[in-house]
Amino acid sequence: MFDLDRITRENIRNLKPYSSARSEFTGDAAVFLDANENPFNTECNRYPDPLQRVIKGQIAALRHVRPGQIFLGNGSDEPIDLLYRAFCEPGKSNAVAMDPTYGMYEVAAGINGVEYRKVLLSDAFTLDVDQLLAATDAATRLLFVCSPNNPTGNTLPHTDLQRLVAGFEGIVVIDEAYNDFSEEPSMLAELDRWPNLVVLQTFSKAWGLAGIRLGMAFASEDIVSVLTKIKYPYNINILTQRMVHERLLHPEKVQDVIGTLVSERRRMAGVWKETGCIEEVFPSQANFLLVKTQDANKLYNYLVGQGIIVRNRNNVSLCKGCLRLTIGTPEENDRITAALKAYSEANPQK
Ligand SMILES: *Cc1c(COP(=O)(O)O)cnc(C)c1O
C-alpha cells in the first residue's frame, strides 16, 4: 500500500511553511500595504500570486484535472529537485531510473545525496518493467521513467507504465515533456486512479516557451500539498504567469506548431537516412531524432564548423555513434540536410 506520510521526510512532515503576505489575504482590496512593496506602478511592483491561481485554473480546464492536482515550478527541474527533497533521506534513500534518459534525474539525486540506480534499456531502447522493479528495494522512494524518452525518442507502452505504478510503493514519476508530439495517450487521464503517480509536463517544448521557465507536475492533492509547502513562496514570477495566461487564452494555436513539427519529423526521418552519413534514424515520437553515424565526434565537429549545433550523445549508454537532432523550421532542417550531404561527399563511408 502506498503511504505518503511514511515516505515523507520527518522534517518536511513537521515543517511549518513560510506564510507570505499574499497568501494570508486572498480577497479583493483597494489598498495593499502588507508586503512592503513599492506602491508606484512599474507593471511588476507587486509580488506574484504564490499559488498561481489564474493559470492553474486554465491548465486544469485544458488538461481535465483539478487545480489542486497541479504544481508549477521554475521549469520541470524544480519539481524534480523538490521530489528528492521531500521524499528522499540523504545517504539513506535511493531512486531508480532507466538508462539512457534525461540527465537531470541523476544530477538532482547527486545534489540531494541520494543514491541513483540505473537500469539499462534494451538495444531497441525498450524497458523491462520487471527489471526496473527488481532494482527497487525498501529504501527506494522515487522511480523515474521518461516517455517519449530523451534522447532515444521512443515511447514506453501504456500497459508497462500502469504495471510500474501498480507494482511500486514509492512515487513513480512519468516525464511527459514530449507527449504533445506523441500518439501515445498521456498518463494524466489516470491521475485519480494512482495515489503514487507524478506526471511531468512543460511549457518548454511544444508550447515554445523555454525562456520563461514553467514546468508542471500533476499528482494527487496530497503530493501537490507537500511540494507546495517546500517551494520558494514566489517561485513563478509575474512575467511568466502573465505570458502563460495570454498563451492559454488560445491553446488551439499550439496544435498548428505541433502539426508542423511532427510532419517535419516524418519528413526528416526519410531525408536524413538518404544523406549518406546516417546509418540509422531511430523511431521518435518527440521533436527530435536520434541518428547513428560512423563517427559521431567527427560529424559533430563538422556541423559546428558549418554553424550548426546538435547534441552529441556519443558517450551516452547505448548511444555510441549517435547525435540527437532537434526538429527545426523547414528551412533549418533543409540547411542541416545540405550539410549532411556535403559531409558525406567529403567523407565517403566504407
Ligand atoms: C526538455 C525536457 C524537460 C523540460 O525541462 P524544463 O526544465 O521544463 O525546461 C523535462 N524533461 C525532459 C526529459 C526534457 O527533455
Side-chain angles (χ1 to χ4, degrees), residues 52 55-56 59 63 70-85 95-109 111 116 118-119 121 125 127 142-156 161 171-182 184 186-188 197-219 227 231-232 235-237 239-241 243-244 247-248 254 257-258 261 265 282 284-290 309-313 316-319 322-328:
Q52 306 109 20
I55 55 176
K56 275 187 186 169
I59 294 167
R63 293 299 195 225
I70 305 171
F71 175 85
L72 298 179
N74 184 341
S76 308
D77 301 338
E78 183 178 356
I80 292 168
D81 180 54
L82 292 184
L83 285 163
Y84 281 105
R85 287 164 65 185
V96 171
M98 53 201 234
D99 179 41
T101 192
Y102 185 46
M104 268 314 286
Y105 317 138
E106 183 166 14
V107 172
I111 291 169
Y116 184 80
K118 304 177 187 187
V119 175
L121 298 175
F125 304 137
L127 172 72
L142 302 174
L143 210 161
F144 286 93
V145 286
C146 185
S147 179
N149 188 32
N150 179 2
T152 59
N154 61 312
T155 52
L156 306 173
L161 300 180
I171 289 177
V172 178
V173 184
I174 299 182
D175 190 338
E176 295 188 349
Y178 300 99
N179 185 261
D180 297 295
F181 304 105
S182 151
E184 283 287 310
S186 163
M187 281 292 280
L188 268 192
L197 171 65
V198 174
V199 176
L200 298 179
Q201 296 187 358
T202 179
F203 280 89
S204 297
K205 308 286 158 64
W207 291 91
L209 294 173
I212 66 168
R213 313 303 303 126
L214 192 67
M216 300 167 267
F218 299 90
L227 299 179
K231 76 181 181 70
Y232 291 162
N235 62 327
I236 309 298
N237 72 69
L239 299 173
T240 296
Q241 293 195 43
M243 187 145 201
V244 165
R247 197 59 68 100
L248 287 173
V254 78
V257 175
I258 292 169
L261 291 173
R265 180 187 76 210
F282 294 98
S284 170
Q285 295 275 302
N287 66 335
F288 57 82
L289 288 166
L290 188 73
I309 312 303
V310 300
R311 192 85 158 127
N312 189 350
R313 299 286 78 185
V316 169
S317 311
L318 306 177
C319 294
C322 290
L323 301 177
R324 192 193 69 195
L325 313 183
T326 303
I327 303 301

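Every number for a ligand or one of its atoms is a count from 1 in the order of the listing.
Checking side-chain atoms of Q241 against main-chain N and O of I236 turns up a donor-acceptor pair under 3.5 Å. Counting only distance, with no hydrogens or angles, the side chain of R313 and the backbone of L318 share no donor-acceptor pair below 3.5 Å.
Taking every non-hydrogen atom of D77 and a distance limit under 4.0 Å, the qualifying atoms of ligand 1 come out as 7 (O). Close approach to A177 involves these atoms of ligand 1, each under 4.0 Å from a residue heavy atom: 2 (C), 3 (C), 10 (C), 11 (N), 12 (C), 14 (C). Using a 4.0 Å cut-off to heavy atoms of K205, the atoms of ligand 1 that qualify are 1 (C), 2 (C), 3 (C), 4 (C), 14 (C), 15 (O). Near C146, meaning under 4.0 Å from any of its heavy atoms, are these atoms of ligand 1: 13 (C). Close contacts between ligand 1 and R213 involve ligand atoms 6 (P), 7 (O), 9 (O) [criterion: under 4.0 Å to a heavy atom]. Every atom of ligand 1 with a heavy atom of S204 under 4.0 Å away is listed here by number and element: 6 (P), 8 (O), 9 (O).
With respect to atom 12 (C) of ligand 1, the closest heavy atom belonging to the protein is D175 OD2, 3.4 Å. Of the protein's heavy atoms, Y178 OH, 2.6 Å lies nearest to atom 15 (O) of ligand 1.
For the 3.5 Å distance criterion, the side chains of R324 and N150 qualify, holding a donor opposite an acceptor.
For ligand 1, the polar-atom distance check against T202 finds a nitrogen or oxygen pair separated by under 3.5 Å.
Between K205 and D175 there is no salt bridge, since no side-chain nitrogen of the basic residue lies less than 4.0 Å from a carboxylate oxygen of the acidic one.
Between F144 and Y102, the distance separating the two ring centers is not shorter than 6.0 angstrom. Ring centroid separation for the pair Y116 and Y105 does not come in under the 6.0 Å cut-off.
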*So E184 and N179, side-chain hydrogen bond (donor to acceptor under 3.5 Å, both in side chains) or not? Walk me through it.*
CA-CA 7 Å; E184 283 287 310; N179 185 261; over 6 Å; no
